[in-house]
Amino acid sequence: MNGITNRMSRVLPALGWAGVLLAAAPAFAADEPKLDSGDTAWMLTSTALVLMMTIPGLALFYGGMVRKKNVLATVMQSLAITALVTLIWTVVGYSLAFTEGGSLLGGMGGFMLAGMTLSTTHSLAPTIPESVFVCFQMTFAIITPALIVGSMAERMKFSALLWFTGLWSILVYSPVAHWVWGGGFLGSAGVLDFAGGTVVHINAGIAGLVAALMLGKRIGYRKENLSPHNVTYTVVGAALLWVGWFGFNAGSAGAANGRAGMAMAVTQIATAAALMGWMFAEWLVNKKPSVLGAASGAVAGLVAITPASGYVGPGGAIIIGIAAGVVCFWAASWLKRAAGYDDSLDAFGVHAVGGIVGALLTGVFAVEAIGGTGGLLEGNAGQVMKQAYGVIVTLLYSGVASWIILFVLKATIGIRVEETQEREGLDISLHGESVV
Amino acid sequence: MNGITNRMSRVLPALGWAGVLLAAAPAFAADEPKLDSGDTAWMLTSTALVLMMTIPGLALFYGGMVRKKNVLATVMQSLAITALVTLIWTVVGYSLAFTEGGSLLGGMGGFMLAGMTLSTTHSLAPTIPESVFVCFQMTFAIITPALIVGSMAERMKFSALLWFTGLWSILVYSPVAHWVWGGGFLGSAGVLDFAGGTVVHINAGIAGLVAALMLGKRIGYRKENLSPHNVTYTVVGAALLWVGWFGFNAGSAGAANGRAGMAMAVTQIATAAALMGWMFAEWLVNKKPSVLGAASGAVAGLVAITPASGYVGPGGAIIIGIAAGVVCFWAASWLKRAAGYDDSLDAFGVHAVGGIVGALLTGVFAVEAIGGTGGLLEGNAGQVMKQAYGVIVTLLYSGVASWIILFVLKATIGIRVEETQEREGLDISLHGESVV
Amino acid sequence: MNGITNRMSRVLPALGWAGVLLAAAPAFAADEPKLDSGDTAWMLTSTALVLMMTIPGLALFYGGMVRKKNVLATVMQSLAITALVTLIWTVVGYSLAFTEGGSLLGGMGGFMLAGMTLSTTHSLAPTIPESVFVCFQMTFAIITPALIVGSMAERMKFSALLWFTGLWSILVYSPVAHWVWGGGFLGSAGVLDFAGGTVVHINAGIAGLVAALMLGKRIGYRKENLSPHNVTYTVVGAALLWVGWFGFNAGSAGAANGRAGMAMAVTQIATAAALMGWMFAEWLVNKKPSVLGAASGAVAGLVAITPASGYVGPGGAIIIGIAAGVVCFWAASWLKRAAGYDDSLDAFGVHAVGGIVGALLTGVFAVEAIGGTGGLLEGNAGQVMKQAYGVIVTLLYSGVASWIILFVLKATIGIRVEETQEREGLDISLHGESVV
Amino acid sequence: MKYVMAVIKPFKLDEVREALIAIGASGLTVSEVRGFGRQKGHTEIYRGAEYEVSFLPKIKVEVAVPDELAERTVEAIQKAAATGQIGDGKIFVYELSEAIRIRTGETGSEAL
Amino acid sequence: MKYVMAVIKPFKLDEVREALIAIGASGLTVSEVRGFGRQKGHTEIYRGAEYEVSFLPKIKVEVAVPDELAERTVEAIQKAAATGQIGDGKIFVYELSEAIRIRTGETGSEAL
Amino acid sequence: MKYVMAVIKPFKLDEVREALIAIGASGLTVSEVRGFGRQKGHTEIYRGAEYEVSFLPKIKVEVAVPDELAERTVEAIQKAAATGQIGDGKIFVYELSEAIRIRTGETGSEAL
Ligand SMILES: Nc1ncnc2c1ncn2[C@@H]1O[C@H](COP(=O)(O)OP(=O)(O)O)[C@@H](O)[C@H]1O
Ligand SMILES: Nc1ncnc2c1ncn2[C@@H]1O[C@H](COP(=O)(O)OP(=O)(O)O)[C@@H](O)[C@H]1O
Ligand SMILES: Nc1ncnc2c1ncn2[C@@H]1O[C@H](COP(=O)(O)OP(=O)(O)O)[C@@H](O)[C@H]1O
């Protein structure tokens, strides 16, 4: 089963009944599903929701976690990445990821969205206008590099960030999206990734780890107080991520149908379970349940359920959630300390680790009646291996490619701000502004 | 007329025309309405909107009203309640409220959402997947206890809050939801409550009053400056509540139809009228129109129109709004001062009082052409009595049950923080964090 | 081609295929399109999105740009305008703009929304309930005067603001909306304005300039530090404007169809291009890319694409975006300084200037295959003249009418606060509150 | 004249202000400071890492008084600000060479 | 050396700074404080309850000067900060025993 | 007793605190201030208009010490706070007439 049929199956429940309606309208060719206003309404909405995840969601989530002198520089990163990736996606990104090509990369037939009209559709979402599919996928292309900056916070040069984002979007995001969803080899190999556990989260998380290592630790790491200046922002950001994630996961059904509904339900359940998992783990270990921990736990759950939504039911969701909450807590506190890297806002600890938990457990808890493929619990032991294959390929490719991009940038324009700029804060030194 | 037929009638306008379409598709059994992608799209969206009301809406609304040292603890309450109630609702809450049972309580047939598949629906919303109905109702179950914390702010123990929320959700919310919407005795008695004036607001408001009395006043009440530390947050929270309330009220139509549209229109109108009512009343009395007052007035209007939306027209909405604005202003300023309880953020003064205003006036202004039942103005004088019956039953049951739960908790784990913790602020003392 | 047919053409793609479906249902009269649940779902959502643009979007966008002592007064303006215009629109505004009347003004047939039932529709959006159309248009009527306050910030009397808003909404907004969309002479003349470049942005922007001139400069202008107190708020506001603008532009299709999708796509693209345009222009000129500049650039792009969305494709969108970003940067920095007016938050520099750029370029880049009318590039040179005609009429009428309203208010109740109030800050002096 | 400066616990401010008014002080100036002393700070938790916040929030109260009022001022503050628990704070007294009221130009005790 | 400390109205800061530079002060340090004095605070309204905010925002300006500049410093501040209305603030002058420039270790007037 | 007050660069606070503890200071009080001096402020940009922010963020450290500790205190601060670059700040030393511990009423050096 390749990526396309895989995804096509998501819209089949919709087609099931829409098809009957259409059957009553002989003017339509039976083999060509037409635009459905309900599906279109939901996908327009989902696009807005996923955009909201990056701005203002992620901007606030990250902005609250840095020190006050870096808050504007941090929200600026989300904002600028949104704009830059929008243009790149329009010009080549969409084409490389989602138009006809090979198993490694799409073609250039969609350069500058050529050929897109009011009535064209994409085969992965045949009941909505292609323009909506392009925009929906664009919001995924935006949030992925925006997640990476969590690892670079408080020390990355803004100009270097723009170069990195542009190159990474073309050289890493589009290919990986093509492999899994666009007809490439991972989808063909049967890797399940409903909404982007691999394409978005593992991809971004490992790039973040590489960036944290290449940039080095912040001045004062483990000595000065680098704690978040405003966890209220972080909670608001996490909440907007949560709400917007309904568009991310339920929107990945490509239609307003039963599978979208189930994806929403398991998203909510896993997120709640992960919040509880992180909170109680932290309460036990540190004696107090931190608010930052609860917010981080929620995001960990959202990450982990991302590949699984659309494949698992409520029971699987609870277990995936708890696992993600506890494991990501461990990664962001114990593992990071032990390994000694400065992943400022835990892009790796939450997104890569949570994404891996989710990707693997998708292989365990997948329910055939929901997503067309059963997992380990339904006797399909091989699925876990397929999932691991997807994880490893992504970790390797994204890790190496991110390293190369950063290496080149470091050798040319430099990637880290001057020491005095870092001390003064990036708000003033890079953008000439400050929060009163 | 019982709760179910009552609610069923909401979807009839949709069925009216959808039914005709379906008639052209003989493959469908006429008596079994099928999933509608447009209705599903709107209910997926509504679910996201209502979740947004609690996080970040209510979190910010309340978070801005406390002192700076308690802001994180306050937003944490909304966040943790969201997670906890999600799990409870999944396991037993939905089943107790909305599956077949007696007139006092639903059954356990939906334990752990058993039986929910991609294609099941609930009789109250037969054109959308059951998973979406479960999630939509879940967001109501979440916000109700989250509203209560307004009365407990700045002094409630976090562990006690979690216990309270869990018990209250099962012992109070699910039963009352069942009585009114799930086929229970209040719905059967003809009590009208479109979107939860009784189930959500009166229920939460009276529980809040009981909690405020059981907890006692905050240290410094009436002596120190306990005024809001950041009304900007409160305005943002009120605004998100307002926007999200479109999902709450128009979503309660269960479909994207004319009744949903009318519910949205009257929601907007009543809210505006209530904001104006509170603002001008305060301007008159206190010489200045406070921003907190305007935000509170908006919420009062949203509360009051909640039971009435789906039953009244624009004219009724204006009067309900003005009444709610003025009466809630009086309750939050004069009544609270006179009675001497410390309802920190006026959960009682706004939600119970506003909810009562709305519930009773629904009985006055209901229009048969809109919701199928006329009110006093259309000659159905008995409706006001029915509404009063619903109000009284809810006040009594929720008041007593909340008292018992809190009494038990007080006697066992304690419900109030230590004096030094309260002085130091709950952010640091309970969660080990603070806002710079 | 008049405004109505103009707009009707937007729903035609939807009707194209919906019509076929309906054709299969002989129970329907072919000439009377019926409610479509998908279109209704999208328009309910769009209404929520556009409301979110004003509160909390614009409230935060503007609130972050003022000094800390004026933040509450600034968010209060958005809040109070939302309420006031809701009531005015309900009572007379909708009727004057959108019900049958002359070419200068609508009639009074819709006074108090008379005649609106669950099943009525408006000819501009025949597949959704009239109540939804009323609410959707209401959100446009709300945001327009709310934009104006950017020019009045930090010195306008609150009571005068309410009077101004009320009068302006009736005397300026409703007429101009009627001229362009409601069947009036600008629409008949072939002026293209998909979502309100003329009606909303130029209209508000020129009124803002007049207000800035009538009010005079703030104390300390060009001497004291009047810089924004919290650009984080401004970024969050800009982000919510951006997300909500999908409802604004794609919602202006009146349906969930291919034209809505295309409108969303070009909105996203132009906004990104404008952000980049402003950012790089500023980087070049001032050596640093400010965060405020990026946020302002995004809004400039949103403004400029507003009239064009629904008429242009991705290529046109990129050029419109870049032009808007660069020209508005120039207007907000060089032009304002040169002309010497104190347009506090650049309502004129962004909304009028950006609106004019967009209106004129719509005449250049309009694509017949998208919106039914081609522009200069497709050989229809006259369209640019028509666009200029719309711009000039709006500038003149709104400028003069705003001047008269403000002149009368100045002569009677006064429009500017006392000097001591301005120094102390409007939060305390007007509303008796302050942010800690 | 003497300049009395006290570092106190934040929630004691209102009581201290009232005590000062009671003994006839005509004005005072306060600011938010952070103090380090015998009273230990708390531990904040950040992503699993504990961080010792060594400084505690305190309020600094400054009041200029004529010499004859100095002793009573110190007493008044001490009584109002004491809780008996560690971290109650300190009072420091300096010589004040001159005081001027900006509005009128008055100097010395009259300016206070 | 003298240490001159002034409590002024916030919006007068820029004028005071310019006046001090004009007479040759080489530096100054300012902080945000809240003042209580003859000038009455305002009333804030909170959910219908009035609350008296007794403290008003003020700016504290501190400048160390050689003895010979002390008088002119006081005059300069007084002139620049005065509006003639209540609440204009105070100027306090102390003896300064020693001043050290951290960067160089210079002491006395040279350090200022 | 002496009252030592230093204006330093914010990121030097931890080092100064450690240096003071090392020489036996029992407590200190810090606050956020803004400084104007030889070190030039930066330019902020606001809608195309440049705005000179003349004041830079600094930390004020205050520590009361017995006379015999004064010199070492000054030295400790100077060493810990110096970067050798302009803007490192100043140390000012005053006479302290009296010190009182609020909790116990102790006075003089014992109160520190
Ligand atoms: N030597 C000192 N110089 C300046 N401030 C001090 C000094 N010692 C203590 N303080 C201030 O007094 C506060 C209370 O001191 P602490 O030693 O905690 O308690 P106590 O005074 O009750 O013994 C400290 O937080 C600090 O602000
Ligand atoms: N005795 C005092 N000690 C310290 N600060 C004082 C004293 N008296 C007044 N102040 C400060 O000076 C400010 C202005 O004093 P106020 O009495 O209001 O006006 P005026 O100085 O014009 O009579 C006060 O807000 C307070 O900050
Ligand atoms: N005469 C003064 N009185 C009070 N504070 C001063 C004085 N001169 C300098 N300062 C403070 O010291 C800080 C550093 O001074 P500056 O002249 O910039 O550097 P440096 O001390 O290295 O020459 C200033 O920002 C200001 O806060």
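First the proteins, then the strands, lettered A, B, ... as listed; each starts at 1. Values below: every heavy atom of this structure, side chains too, minus hydrogens, waters and symmetry copies.
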Side-chain contact, heavy-atom cut-off 4.5 Å: C/Tyr233 with B/Val236?
-> no

Heavy-atom distances under 4.5 Å only: say whether C/Ala59 touches chain B with side chain, backbone, both or neither.
-> neither

Intermediate values then yes/no, side chain to side chain contact (heavy atoms under 4.5 Å, CB included), B/Arg67 and C/Val436 = CA-CA 9 Å; B/Arg67 284 163 291 170; C/Val436 178; over 6 Å; no

Distance, nearest 0.5 Å, that separates CG of C/Leu51 from CH2 of B/Trp242 = 6.5 Å

Is the backbone of C/Glu433 close enough, under 3.5 Å, to the side chain of B/Lys288 for a donor and an acceptor to pair up by distance?
-> no

Shortest non-hydrogen pair, C/Ala41 vs B/Ala256, comes out as N-CB, 3.7 Å

What part of C/Ser429 lies closer than 4.5 angstrom to a heavy atom of chain B: side chain, backbone, both or neither?
-> backbone

Proximity breakdown for B/Met279 and chain C, heavy-atom pairs closer than 4.5 Å = side chain

Heavy-atom distance under 4.5 Å between the side chains of B/Thr232 and C/Leu72, does that happen here?
-> yes

Side chain, backbone, both or neither: which part of C/Thr120 has an atom under 4.5 Å from a heavy atom of chain B?
-> neither

Of the backbone (N, CA, C, O) and the side chain (C-beta and beyond), which part of C/Ser159 lies under 4.5 Å from a heavy atom of chain B, both, or neither?
-> both

With the side chain counted from C-beta on, respond yes when C/Ser37 and B/Asn257 share a heavy-atom pair under 4.5 Å apart, and no when they do not.
-> no

Non-hydrogen atoms of chain C under 4.5 Å away: do they reach the side chain of B/Val235, the backbone, both or neither?
-> side chain

Side chain from CB out, backbone as N, CA, C, O: work out which of these in C/Pro129 comes under 4.5 Å of a heavy atom of chain B, or both, or neither.
-> side chain

Does C/His431 reach the main-chain N or O of B/Val291 with its side chain, forming a donor-acceptor pair under 3.5 Å?
-> no

Applying a strict 4.5 Å limit to non-hydrogen atoms, the region of C/Ile88 in contact with chain B is neither

Among C/Val132, C/Leu118, C/Val134, which one satisfies side chain to side chain contact (heavy atoms under 4.5 Å, CB included) with B/Met262?
-> C/Leu118

So which part of C/Leu60 gets closer than 4.5 Å to some heavy atom of chain B, the side chain, the backbone, both or neither?
-> side chain

Which atom of B/Ala265 lies closest to which atom of C/Cys135, heavy atoms considered | CA-SG, 3.4 Å

Heaviest contributor of heavy-atom pairs below 4.5 Å to chain C, chosen from B/Ala260, B/Pro289, B/Pro314, is B/Pro289

Would one find more than 12 heavy atoms of other residues, nucleotides or ligands at under 6.0 Å from atom CH2 of B/Trp283?
-> yes

Side chain, backbone, both or neither: which part of B/Ile269 has a heavy atom under 4.5 Å from chain C?
-> both

Interatomic distance, B/Met276 atom CE to C/Leu87 atom CG [nearest 0.5 angstrom] = 6.0 Å

With only heavy atoms counted, which part of B/Trp245 is less than 4.5 Å from chain C, the side chain, the backbone, both or neither?
-> neither

With a 4.5 angstrom heavy-atom cut-off, which part of C/Met138 approaches chain B: side chain, backbone, both or neither?
-> side chain

Side chain, backbone, both or neither: which part of B/Thr45 has a heavy atom under 4.5 Å from chain C?
-> side chain

Turns out that what part of B/Ala294 lies under 4.5 Å from chain C's heavy atoms comes down to both

Please report the shortest heavy-atom distance between C/Ser131 and B/Gly258, naming the atom on each side.
-> OG-O, 4.0 Å

What part of B/Leu44 is in contact with chain C, defined as an atom under 4.5 angstrom from a non-hydrogen atom: side chain, backbone, both or neither?
-> neither

Answer with side chain, backbone, both or neither: which region of C/Leu113 has an atom nearer than 4.5 Å to a non-hydrogen atom of chain B?
-> side chain

Heavy-atom proximity to chain B below 4.5 Å, by part of C/Leu162 = side chain

Using modelled atom types only, decide if a donor and an acceptor are shared between the side chain of B/Gln268 and the backbone of C/Thr86 within a distance under 3.5 Å.
-> no

